[in-house]
Amino acid sequence: AGMNGTAIENFVCVIYNVSFMNCTWHVGRTASGDTQYFLYWKTSRKEDLTECQNYIKDNCGRHTGCRFQNVTIEKKRAYFLVNASRSGQNIQSHEKMIMLYKIEKLTPPLNVTVNCREASHVCEISWQPPHTSHVKRHACFKYEIVIENK
């Protein structure tokens, strides 16, 4: 339902620093300047939808995203709904299901140390896995090391 082009576009969410999530979107192509969008989400079908508490706004004061804190990936899926209101106009809503583990941007490895022996030209590099809320086995990580001679 709603006029074509009024729904948001390019809805994207990213989890970073273990428990923070940002979701952003672009205003619909044909939505008027006084259209306001509202984001709701839940992590299971049984839960009630919860509205965003910390909106990101554009220069016109329209909601174009949301910042979340204390997000956990224990439940793998999240359901998102963005609807809108404008006096006298029917606005299209946008729904999306996201697998949360797929949108996490991992922190770099921790406590990276390099010990080189000049005589043998051998270096030992060690590190600890990045912090994450959902990966329990360290063997799940793959690392790439780039060595530059200077």
Side-chain angles (χ1 to χ4, degrees), residues 1-87 89-114 123-148 150:
M3 290 179 46
N4 286 339
T6 57
I8 63 161
E9 299 175 350
N10 301 322
F11 182 82
V12 177
C13 295
V14 176
I15 295 174
Y16 62 98
N17 288 348
V18 181
S19 63
F20 295 94
M21 180 171 69
N22 281 358
C23 295
T24 58
W25 58 83
H26 294 136
V27 170
R29 291 182 312 273
T30 62
S32 63
D34 62 345
T35 300
Q36 187 60 279
Y37 294 95
F38 302 94
L39 171 66
Y40 300 88
W41 80 305
K42 62 182 179 176
T43 55
S44 79
R45 294 187 189 275
K46 296 175 184 174
E47 288 180 27
D48 291 331
L49 287 167
T50 302
E51 184 178 356
C52 169
Q53 298 297 306
N54 190 12
Y55 282 107
I56 300 166
K57 299 179 182 183
D58 67 9
N59 293 339
C60 300
R62 292 180 295 194
H63 301 158
T64 57
C66 183
R67 292 184 182 95
F68 298 91
Q69 296 180 3
N70 302 318
V71 173
T72 60
I73 305 179
E74 292 163 359
K75 298 189 177 168
K76 296 180 181 181
R77 297 174 198 204
Y79 302 90
F80 295 88
L81 168 67
V82 180
N83 62 20
S85 68
R86 178 185 178 254
S87 159
Q89 186 180 20
N90 196 4
I91 309 294
Q92 290 178 317
S93 62
H94 176 86
E95 293 182 41
K96 190 167 188 176
M97 188 275 297
I98 295 177
M99 302 300 282
L100 293 175
Y101 68 90
K102 291 184 177 183
I103 62 168
E104 182 178 18
K105 300 295 182 198
L106 297 173
T107 62
L110 304 167
N111 300 323
V112 177
T113 59
V114 179
C123 291
E124 182 181 294
I125 305 168
S126 61
W127 60 86
Q128 293 175 339
H131 289 304
T132 177
S133 66
H134 72 287
V135 178
K136 304 301 180 211
R137 292 180 27 226
H138 298 310
C140 292
F141 290 104
K142 292 183 181 181
Y143 301 93
E144 178 179 325
I145 299 172
V146 177
I147 299 173
E148 298 178 4
K150 291 190 177 186

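For reference, positions follow the sequence shown, starting with 1.
Using a 4.5 Å heavy-atom cutoff, the side chains of I56 and T24 are in contact. Considering only heavy atoms from C-beta on, N83 comes within 4.5 Å of Y40 through its side chain. Annotation: side chain of I98 is in contact with side chain of I103 (closest heavy-atom distance under 4.5 Å). Side-chain contact between F68 and T50: absent, with no pair of heavy atoms (C-beta onward) separated by less than 4.5 Å. H63 places a side-chain heavy atom less than 4.5 Å from the side chain of F38. Between W127 and I145, some side-chain heavy-atom pair lies under the 4.5 Å cut-off.
Minimum heavy-atom separation, P109 to V112: O-CG2, 3.9 Å. S93 approaches A7 most closely through the heavy-atom pair O-CB, 4.0 Å. Shortest non-hydrogen contact noted between A84 and I91 is CB-CG2, 3.2 Å.
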Practice task
Let me see the working for I15 and L100 under side-chain contact (heavy atoms from CB on, under 4.5 Å), right down to the final yes or no.
Solution key: CA-CA 8 Å; I15 295 174; L100 293 175; 4.1 Å; yes
Practice task
Check the pair C52, C23 against disulfide bond (SG atoms under 2.5 Å apart), reporting the backbone distance first and the verdict last.
Solution key: CA-CA 10 Å; C52 169; C23 295; over 6 Å; no
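Interatomic distance, T43 OG1 to K46 NZ, rounded to the nearest 0.5 Å: 12.0 Å. Put simply, CG on N54 and CG on N22 are 9.0 Å apart, with the number rounded to the nearest 0.5 Å. Note: K102 NZ to K76 NZ = 11.0 Å, rounded to the nearest 0.5 Å. Distance check, rounded to the nearest 0.5 Å: CG of L39 to CG of L49 gives 9.5 Å. From I73, atom CD1 reaches atom CE of M99 across 11.0 Å, with rounding to the nearest 0.5 Å. Going from atom NE2 of H131 over to atom CG of N17 covers 10.0 Å, rounded to the nearest 0.5 Å.
Under the 3.5 Å distance criterion, the side-chain polar atoms of K42 are matched with a main-chain donor or acceptor of R45. Within the 3.5 Å criterion, the main-chain N or O of E51 finds a donor-acceptor partner in the side chain of Q53. Using a distance-only test at 3.5 Å, with no hydrogens or angles considered, a donor-acceptor pair links the side chain of Y37 to the main chain of G28.
Taking the six-membered ring where the residue is Trp, W41 and F80 present parallel rings, their angle staying beneath 30° rather than reaching 60°. Y55 and W25 have perpendicular rings, their planes meeting at more than 60° on a 0 to 90° scale where under 30° would count as parallel.
Test D58, I8, T35 against V27 for side chain to side chain contact (heavy atoms under 4.5 Å, CB included) and you get one pass: D58.
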